[in-house]
**Student:** 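Quick one: the structure is below, and I'll ask about it shortly.
Any value given below was found using the heavy atoms of this structure, including those in side chains, with hydrogens, waters and symmetry copies removed. Bear in mind the structure is a predicted one, so any value in this text is a computation, not a measurement. The residues of the chain are indexed from 1 along the displayed sequence.
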Amino acid sequence: MSLMSVSEVAEFLGVQEIRVERLERESLLIAKEKDGSGKPLFDRGDVERYKTLAERLGGI
C-alpha cells in the first residue's frame, strides 16, 4: 500500500488541496491514516479508483 498526502492527491486529481480535504470529510475519499500534523493520508489505489469513477460520472 502506497500512501499519498493531500497535496499529492490534489495534483493527481487536478484539484485544489481544500477539495481533497472536503472529499475526505464527506467520505468520498477515505483516509487510511493521519500524518504527524493530523492531515489525512490516502491509499494510491483508492485515489486511482475514485478518479476513474469520477471521470465516468462526468468529472471530479
**Student:** Can you list everything that forms a side-chain hydrogen bond (donor to acceptor under 3.5 Å, both in side chains) with Glu24? Sequence neighbours excluded, please.
**Tutor:**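 Scan of Glu24 (side-chain hydrogen bond (donor to acceptor under 3.5 Å, both in side chains), adjacent residues dropped) gives none.
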**Student:** Going by side-chain hydrogen bond (donor to acceptor under 3.5 Å, both in side chains), name the residues that satisfy it together with Glu33, two or more places apart in sequence or in a different chain.
**Tutor:**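 side-chain hydrogen bond (donor to acceptor under 3.5 Å, both in side chains) check on Glu33 returns nothing, list empty.
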**Student:** Hydrophobic cluster membership, with links at side-chain heavy-atom distances under 4.5 Å among I/L/V/M/F/W/Y: are Leu53 and Leu23 in one?
**Tutor:**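 Unlinked, Leu53 and Leu23 end up in two clusters.
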**Student:** Taking the side chain as everything from C-beta on, heavy atoms only, tell me whether Tyr50 gets closer than 4.5 Å to Val9.
**Tutor:**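 No, every pair of side-chain atoms sits at 4.5 Å or beyond.
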**Student:** Within the 4.5 Å heavy-atom criterion, are Val47 and Phe12 side-chain neighbours or not?
**Tutor:**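 Side chain of Val47 against side chain of Phe12, heavy atoms only: contact under 4.5 Å found.
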**Student:** Please give the remaining members of the hydrophobic cluster of Ile30, linking ILVMFWY side chains under 4.5 Å, ordered by chain and number.
**Tutor:**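 Same cluster as Ile30: nobody, lone residue.
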**Student:** Looking at side-chain heavy atoms only, is the closest gap between Val6 and Pro40 below 4.5 Å?
**Tutor:**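 Yes; the side chains approach each other to less than 4.5 Å.
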**Student:** Output all residues satisfying side-chain hydrogen bond (donor to acceptor under 3.5 Å, both in side chains) with Arg22, sequence neighbours left out; order by chain, then residue number.
**Tutor:**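 Partners of Arg22 by the side-chain hydrogen bond (donor to acceptor under 3.5 Å, both in side chains) criterion, ordered by chain and then number, come out as Glu26.
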**Student:** When you compare the side chain of Lys32 with that of Leu3, does any pair of heavy atoms fall below 4.5 Å?
**Tutor:**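 Yes, side chains in contact.
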**Student:** Looking at OG of Ser7 and CD of Gln16, how far apart are the two atoms once the value is rounded to the nearest 0.5 Å?
**Tutor:**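 Here the interatomic distance stands at 13.5 Å.
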**Student:** What's the spacing between Leu41 CG and Ser5 OG if we round to 0.5 Å?
**Tutor:**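 Rounded to the nearest 0.5 Å, the CG-OG separation comes out at 7.0 Å.
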**Student:** The criterion is side-chain hydrogen bond (donor to acceptor under 3.5 Å, both in side chains); which residues satisfy it with Arg49, sequence neighbours excluded?
**Tutor:**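 By the side-chain hydrogen bond (donor to acceptor under 3.5 Å, both in side chains) rule, Arg49 matches Asp46.
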**Student:** Heavy-atom count around Glu11 CD within 6.0 Å, excluding the residue itself: above 12?
**Tutor:**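 No, because the 6.0 Å sphere around CD of Glu11 holds 12 heavy atoms or fewer from other groups.
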**Student:** By salt bridge (charged side-chain N to carboxylate O under 4.0 Å, His left out), which residues pair with Glu21, not counting sequence neighbours?
**Tutor:**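 Per chain and number, Glu21 pairs via salt bridge (charged side-chain N to carboxylate O under 4.0 Å, His left out) with Lys39.
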